[in-house]
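Input: a single structure, listed below in structure tokens.
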Amino acid sequence: MSKKKSFVAACIPLGALLLIFMSLAIAGHLIAVQSSSQRKNISVENNPGQAGWGETSPMNNDLRRRIVNLSPRELYIVMDTANNILYLKKGEQTIRKCVISCGSGNILSEPGGGRKWIFDTPKGEFFVKSKIREPYWIKPDWAFIEEGKDVPKDAKDRVEADFLGEYALGFGDGYFIHGTLYTRLLGRNVTHGCIRVGDEDLRELYMAASIGTKIFIF
Amino acid sequence: MLPRLISLFVVLAIPANILGYSSALNDSERLLLESELTLAKKPGLYFILDLKDKRISLKARGILLREWEVKQVRYWGNPVAVKPISLTDKMTILPPKRERIEPGESDEDKKYELKALELDDMPSSYTLSFAGGIFLRIRPEAKGWTSIFPMTLSTLKRHTLFPLKTVWFSVKKKPFTSIEIVLNNKRESQALYWAFTEGTECIIF
């Protein structure tokens, strides 16, 4: 009998807790339902006094036109860094699709706790700032640190030929679209942030792009 | 007389209702277009989450860069105004980790073995937090017996955690919106995580 009593006594606070919990959950549901009914009216509430159909449609069409006018008229480049694909496009048409290599996302820290580099390909909107034939690579500090070598004082010691392929397209802050010796790594994220492209694709890109060509990277 | 009056009422009431509805549609579309114009004028990428048409678009300067088809949407909490909002945080149980390069160990020929941060390393279930208490919970469609656990967890969350959160935020007089988005597959979900960077602006429509 006493066992039964103690069981009932233990159940009471548990039941009370469950009741509170359920009440709160029901209250939450009711608030959510009320909010979702507000959502249906949000656009109307935000624009009191707006007239109907025929009057707002031309306005929307005008807005649409203004958005379209912001898109590039000429060729542009789109790069998908997740899938390592580059698209050369004009309007909605894809002119060329190339397999590329983008940034590895790795981190390099200077021994002794100095500088730190994150090898990401930048995302956003850029444009072609330079076009170079037979480019030389001016090795930055991180390239020497990565190799465990001392950073040279003489600028001549930084120059490396035949490393970036036949062409390079610069898009700012030391980032380039260039060739590669490691074509088997195309399609993988292995670079220090630059975009590596195969020889034939690079030639096509170089010929098609001009200074100012828009680049969108995501 | 009465049937005539009824038919007159019907003739007048139906178009008025249609006009009112389309006006509301036009207004919300106008808000979307105005917000997009604001974002398209700026250099940078932006997202449009079209919950009605179930698609997520990544755009820049009005150009569509990539699109994700949304399988399922569940909406919870306060309504979201149609205006640009920025991503403040990406939250996940196991965030992807960057590899550290040890100076002197670099060898281009060994790059095949080198670990890099790639699409496969991205999480497929995560929460995107936006300014104004808006949370976007993204996950791929659960398939097979392995989906039992995440599905149960999701249902439990929907019926316990979210109601409690709604009450909590309501008492605190803070906005709270949770939107659950189910994408077609794991890879799509990972690609969306990759594309969203902190500070990216977004319009929820």
Side-chain angles (χ1 to χ4, degrees), chain A residues 21 24-29 31-32 35-36 38-39 41-44 46-47 50-53 56-57 59-60 63-64 66-72 76 78 80-83 92 104-111 118 123-125 145-149 181-182 184-185 188-190 214 216 218, chain B residues 19-20 22-31 33-34 36-37 40-41 43-45 58 60-66 75-82 96 98-101 103-106 108 111-112 114-119 122 159-160 162-167 170 190-191 194-195 197:
Chain A
F21 179 79
L24 284 171
I26 290 165
H29 271 287
I31 295 167
S35 297
S36 69
Q38 279 171 15
R39 177 174 160 76
N41 301 323
I42 187 169
S43 57
V44 185
N46 283 352
N47 302 281
Q50 274 292 318
W53 204 336
T56 53
S57 266
M59 196 185 200
N60 290 356
L63 284 166
R64 245 179 242 115
R66 285 166 70 187
I67 293 169
V68 169
N69 285 343
L70 292 169
S71 60
Y76 60 94
V78 176
D80 176 351
T81 60
N83 293 301
E92 286 177 10
S104 66
N106 290 341
I107 300 175
L108 174 70
S109 299
E110 191 173 22
I118 300 172
K123 289 176 186 170
E125 182 188 323
I145 293 166
E146 189 180 14
E147 289 168 7
K149 294 174 185 166
L181 300 170
Y182 309 100
R184 68 176 189 276
L185 295 177
R188 297 221 37 203
N189 294 80
V190 290
K214 291 262 187 203
F216 301 101
F218 69 92
Chain B
L19 275 175
S22 62
S23 165
L25 273 181
N26 269 327
D27 286 348
S28 71
E29 194 187 15
R30 184 174 58 79
L31 280 176
L33 291 168
E34 278 174 354
E36 186 178 351
L37 184 63
K41 277 180 183 171
L45 314 177
L58 172 61
R61 301 280 183 195
I63 309 166
L64 179 70
L65 302 178
R66 198 194 190 290
Y75 194 97
W76 192 276
N78 300 102
V80 181
V82 185
R98 293 178 186 274
E99 291 292 314
R100 288 197 168 269
I101 301 170
E105 284 185 2
S106 165
E108 282 284 354
K111 283 266 158 127
Y112 264 136
L114 267 183
K115 189 89 177 87
L117 206 58
E118 294 189 282
L119 189 57
M122 299 298 119
H159 293 291
T160 56
F162 292 159
L164 293 180
K165 265 190 168 179
T166 309
V167 173
S170 177
Q190 287 172 314
W194 181 288
T197 46

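We use all heavy atoms of the structure for the numbers below, so side chains are in, but hydrogens, waters and symmetry mates are not. Note on naming: letters A, B, ... go to the chains in the order of the sequence lines (proteins, then strands), and numbering restarts at 1 for each one.
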(message) Using heavy-atom distances under 4.5 Å, tell me whether A:Lys214 contacts chain B through its side chain, its backbone, both, or neither.
(response) side chain
(request) Find the distance between CD1 (A:Ile67) and CG (B:Leu33) and round it off to the nearest 0.5 Å. (result) 5.0 Å
(request) Report the option among A:Ile145, A:Thr81, A:Leu181 that has the most heavy-atom pairs separated by less than 4.5 Å from atoms of chain B. (result) A:Thr81
(request) Could you tell me which portion of B:Glu34 (side chain, backbone, both or neither) has an atom closer than 4.5 angstrom to a non-hydrogen atom of chain A? (result) both
(request) Examine whether an atom of A:Val78 lies under 4.5 Å from a heavy atom of chain B, and if so say whether it belongs to the side chain, the backbone or both; otherwise answer neither. (result) side chain
(request) Check the angle between the aromatic planes of A:Tyr76 and A:Phe216 and answer parallel, tilted or perpendicular using the 30° and 60° thresholds. (result) perpendicular
(message) Could you check whether any side-chain N or O of B:Arg61 sits under 3.5 Å from a backbone N or O of A:Leu70, counting only pairs where one atom can act as donor and the other as acceptor?
(response) no
(message) Using the side-chain hydrogen bond (donor to acceptor under 3.5 Å, both in side chains) criterion, which residues pair with A:Arg66? Sequence neighbours excluded.
(response) none
(request) Flag the one option from A:Pro72, A:Pro111, A:Ser104 with the top tally of heavy-atom pairs under 4.5 Å to chain B. (result) A:Ser104
(request) Using non-hydrogen atoms and a 4.5 Å limit, figure out which bit of A:Ile118 sits close to chain B: side chain, backbone, both or neither. (result) side chain
(request) Examine whether an atom of B:Lys41 lies under 4.5 Å from a heavy atom of chain A, and if so say whether it belongs to the side chain, the backbone or both; otherwise answer neither. (result) both
(request) Just jot down the side chain to side chain contact (heavy atoms under 4.5 Å, CB included) partners of B:Arg100, sequence neighbours excluded, or say none. (result) A:Ile107, A:Ser109
(request) Nearest 0.5 Å please: distance from the CG atom of A:Leu108 over to the CD atom of A:Glu146. (result) 6.0 Å
(request) Using non-hydrogen atoms and a 4.5 Å limit, figure out which bit of B:Leu65 sits close to chain A: side chain, backbone, both or neither. (result) both
(request) Check whether A:Phe218 gets within reach of chain B through its side chain, its backbone, both or neither, counting any heavy atom under 4.5 Å. (result) both
(request) Could you tell me which non-hydrogen atom of B:Leu117 sits nearest to which non-hydrogen atom of B:Pro96, and how far apart they are? (result) CD1-CB, 3.9 Å
